[in-house]
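Once you've had a glance at the structure underneath, I'll fire off some questions.
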Amino acid sequence: MKKTFLLMAITTAGISFAQNKIKYPETKKGETVDVYFDTKVSDPYRWLEDDKSAETGAWVKAENEVTYAYLDKIPFREELKKRMEQLWNYEKIGAPFTEGKFTYYSKNNGLQNQSVVYRKGKDGKDEIFLDPNTFSKDGTTSLGGLNFSKDGNKAAYSISEGGSDWRKVIIIDAISKKVLEDTLVDVKFSGVSWYKNEGFYYSSYDKPKGSELSAKTDQHKLYFHKLGTSQKDDKVIFGADQKRRYVGGYVTEDDRYLIITAANSTYGNELYIKDLTKPNSPIVTIVDNFNSSNSIIENEGSKLFIETDLNAPNVRVVTVDANNPKVENWKDFIKETENVLSPSTGAGYFFANYTKDAVSFVQQYDYNGKLVREIKLPAVGTAGGFGGKKEEKILYYSFTNYTTPGSIYSFEPKSGKSEIYQKPKVDFKSEDYESKQVFYTSKDGTKVPMIITYKKGTKLDGKNPTILYGYGGFNISLTPSFSIANAVWMENGGVYAVANLRGGGEYGKKWHNAGTKLQKQNVFDDFIAAAEYLIAQKYTSSDYLAIRGGSNGGLLVGATMTQRPDLMKVALPAVGVMDMLRYNAFTAGAGWAFDYGTAQDNKEMFEYLKGYSPVHNVKKGTHYPATMVTTGDHDDRVVPAHSFKFASELQEKQTGDNPILIRIDVKAGHGAGKSVAASIQENVDIQAFTLYNMGFKALPKK
């Protein structure tokens, strides 16, 4: 089905376009050719997939030198950075939670690279518990997770170095903060779930051969680590005999059951349960296929509460007895509605957080399934939280939208009383800005929602610098949230628009499916239609429009700019999936096949993927928009080779004056755990590049 020919690499002359006044680095072209269903496909930049080679390292350095030389010449870049830092510099406090005798919370004084975990004892005094800023000198090592034993006396926390998905787990005495034993290594895509005070469950892959940042990982295993023993003696609980790409395990709050989920893709999972009160009890199957997403969110004795989209595209909660948990015995507890459900539990109640046209409303239920109340939210936007232990008296939730910085509210479930717990003091006048939700028509007649945010009084004259953001995949919903970077953009007269494309989860499983596999073009059509709406309504014009997206959204930008290069002035693809014929060859990429399909599936799928794959659709003699590709050299989620290849194709084939740059963060990954300093600089560079290429020589008037 697929054959590969590796021919001798040849070196081409350095690419230098006098017309756009940028001398790009010399990029070697090889003659690698793959054959899919009798179709030959060249892959001249295959050598850039080798993240361990000195050649790739030299190319990264050379490209960054060109990029930063360009950015350094933008006259208002430092002014933009000063304002970004000024606005970012406010105290951020997380919701508190109790473990043992202490109350814990996170806090960032403003510009600290990583947030610090504090705790407060019965004496009311605050002390630092964990300071991730001390993990590394340059702020590139971050806290990945923190979990406590049942009595709160011990803790396990994971760290990520350079943004990698590979984690280390450190076990400490939570009272003295002293390290108890050797660090666990090579942990990936894993939580930590304690069983009593004896140890915890975690998941990982065998260390891959070759590069740990790009080599394929596809057999996930669930382990139990018993305190005081060596990691090499950790017992495999699930995954040794049954090969699955993603395996997770978690213990119910009462320590009665171990819940196991197993999947081969990012959608759909098997569900298993093990009774921990009975020695050597078997692992019992509840769901034996990948046709639905299922998780046990609560139990009351042997009564299980399961969140599922089985026969319920918008999700429901069902109950079943653990002694006979097969699907045919499930009974509705919270029925499916026309709105997408995301349930949580805490303080002896269930909370049904619904998404309606991409915004939240929340209902509270008791354990008998009776509606207690609808919770009044502060405004139209996104609410999250409403989770905690059964014995809690007070829960916390967050609220935000595109003009309102995220605030934390305390909530008393018995009375329904809600009040501000922490409201950030941000130097931004929210009242001067407005958000408007519109519904535009896509190519096939589908109505798609979009929220457009801008300064009140903005003239709709087609000359407003505008960023159109999208994602459109993996059942992920883009709901309103505040961003300092977007606030700075709007302060400078910018319009910020977010389109809720098919492929996302805003309208449940059907909406997701409509943007997958052979329907993926719907996502790009929705994004193109969003841009055309903004232009038609004179929010902006092609000369002032930028499109932006990350990861699957980077693919979105790459596909859109290659299909409609005339539509926008600037393209900003971040950590994108750009080579659709080979994405499944790296790290956990094969798990994305539910959304994308693979080139190996059949000839139709291969041709469809090749038809929109950004790397394979850059054409010579085309005027592409000003483009700044962004990625991280430690990205082991979407390997940077995707971006490397795409940038190389664009630099070789671009016609006209628009620059093609690639900005590669070193010691950075897919985005999680990125330091504040790095985040600020990246956003500054993106906005400076965007405005400069829209013709601005100074920041627009506010």
Side-chain angles (χ1 to χ4, degrees), residues 12 14-17 20-29 44-51 53 55-74 77 163 213-214 546-551 553-559 561-562 565 570-579 613-618 624-635 637-654 656-671 674 678 681-690 692-693:
T12 59
I15 303 165
S16 176
F17 296 105
N20 49 17
K21 299 173 185 173
I22 296 177
K23 182 175 173 62
Y24 296 115
E26 181 178 307
T27 303
K28 179 178 71 176
K29 289 185 76 173
Y45 302 114
R46 175 75 60 87
W47 63 274
L48 285 169
E49 292 178 0
D50 186 356
D51 57 90
S53 80
E55 278 186 302
T56 302
W59 183 88
V60 167
K61 185 181 179 195
E63 287 285 352
N64 269 343
E65 285 173 355
V66 169
T67 296
Y68 285 105
Y70 182 96
L71 294 170
D72 286 343
K73 292 177 182 176
I74 298 176
R77 184 171 169 232
L213 294 178
S214 59
I547 58 172
R548 186 177 182 185
S551 196
L555 162 63
L556 170 70
V557 172
M561 66 178 283
T562 51
V570 178
L572 302 165
V575 294
V577 187
M578 300 301 194
D579 185 341
S613 176
V615 162
H616 300 94
N617 285 281
V618 180
Y624 289 104
T627 302
M628 187 160 74
V629 180
T630 53
T631 188
D633 69 343
H634 277 60
D635 189 345
R637 187 85 54 85
V638 180
V639 294
H642 284 280
S643 295
F644 295 173
K645 287 182 178 184
F646 188 52
S648 297
E649 291 284 351
L650 285 168
Q651 287 180 353
E652 181 196 359
K653 296 173 180 174
Q654 169 72 314
D657 297 334
N658 292 328
I660 304 293
L661 303 178
I662 180 167
R663 183 187 185 279
I664 306 156
D665 255 341
V666 293
K667 293 181 76 174
H670 199 59
K674 186 174 286 189
Q681 191 61 63
E682 182 179 55
N683 279 291
V684 166
D685 290 348
I686 286 169
Q687 291 188 23
F689 177 85
T690 300
Y692 189 64
N693 280 283

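The basis for the numbers below is simple: all heavy atoms, side chains too, and nothing from hydrogens, waters or symmetry mates. Quantities reported herein were computed from a predicted structural model and do not represent experimental measurements.
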Query raised in the report: Is the closest side-chain heavy-atom distance between I662 and F644 below 4.5 Å?
Result: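 They are in side-chain contact.
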Query raised in the report: About how many Å separate CG of N64 and CZ of R663, when rounded to the nearest 0.5 Å?
Result: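 It comes to 8.0 Å.
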**Report entry** Heavy-atom pair of closest approach, residues K645 and L48
**Finding:**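 Taking K645 first and L48 second, the nearest heavy atoms are N-CD1, 4.5 Å.
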Query raised in the report: Can you find a pair of side-chain heavy atoms, one from D685 and one from T630, that are under 4.5 Å apart?
Result: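 Not in contact.
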Report task. Indicate the atoms forming the closest heavy-atom contact of G554 with P573, along with that distance. Result ->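 Heavy atoms only, the tightest pair is O-CB, 3.8 Å.
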**Report entry** K28 NZ to T56 OG1 distance, which is reported to the nearest 0.5 Å
**Finding:**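 Interatomic distance, K28 NZ to T56 OG1, rounded to 0.5 Å: 8.0 Å.
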Report task. Would you check if F646 and M561 make a side-chain contact, meaning some heavy-atom pair closer than 4.5 Å? Result ->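 When only atoms from C-beta onward are counted, M561 and F646 do touch, with a gap below 4.5 Å.
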Query raised in the report: Can you tell if the side chain of E63 reaches within under 4.5 Å of the side chain of Q651, non-hydrogen atoms only?
Result: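 In contact.
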Query raised in the report: Between D579 and V615, what is the shortest heavy-atom contact and its length?
Result: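 Minimum heavy-atom contact is N-CG2, 4.1 Å.
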**Report entry** Heavy-atom side-chain contact between F689 and R77 under 4.5 Å
**Finding:**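 No, too far: nothing below the 4.5 Å cut-off.
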**Report entry** Nearest non-hydrogen partners of N658 and Y624, listed with the distance
**Finding:**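 Minimum heavy-atom separation between N658 and Y624: ND2-O, 2.9 Å.
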Report task. Measure the spacing between CD of Q687 and CD1 of I74 and express it to the nearest 0.5 Å. Result ->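 It is 11.5 Å, given to the nearest 0.5 Å.
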Report task. Show your reasoning for whether side chain to side chain contact (heavy atoms under 4.5 Å, CB included) applies to Q654 and T627. Result -> CA-CA 10 Å; Q654 169 72 314; T627 302; over 6 Å; no
Requested in this report: Can you see which heavy atom on A546 is nearest to which on T690, and at what distance?
Outcome: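 Heavy atoms only, the tightest pair is CB-CG2, 3.7 Å.
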Report task. Please examine the side chains of P25 and K61, heavy atoms only from C-beta on, and report whether any two atoms are closer than 4.5 Å. Result ->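 In short, these two side chains do not touch, never coming nearer than 4.5 Å.
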Report task. State whether a side-chain donor-acceptor pair under 3.5 Å links E652 with Y45. Result ->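 E652 vs Y45: donor-acceptor pair found between side chains.
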Requested in this report: Nearest 0.5 Å please: distance from the OG1 atom of T562 over to the NZ atom of K653.
Outcome: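 Atom-to-atom, T562:OG1 and K653:NZ are 11.5 Å apart.
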Report task. Would you give the length of the straight line joining atom CD of E49 to atom NE2 of H642, rounded to the nearest 0.5 angstrom? Result ->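 One gets 8.0 Å once the value is rounded to the nearest 0.5 Å.
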Requested in this report: Check whether any side-chain heavy atom of M628 sits under 4.5 Å from a side-chain heavy atom of N693, and report yes or no.
Outcome: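 In short, these two side chains do not touch, never coming nearer than 4.5 Å.
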**Report entry** Pairwise distance OG1(T67) to CD1(I664) - rounded to 0.5 angstrom
**Finding:**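 Nearest 0.5 Å value for the OG1-CD1 distance: 7.0 Å.
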Requested in this report: Would you name the heavy atoms of S648 and T27 that are closest together and state the gap between them?
Outcome: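 Heavy atoms only, the tightest pair is OG-CG2, 3.7 Å.
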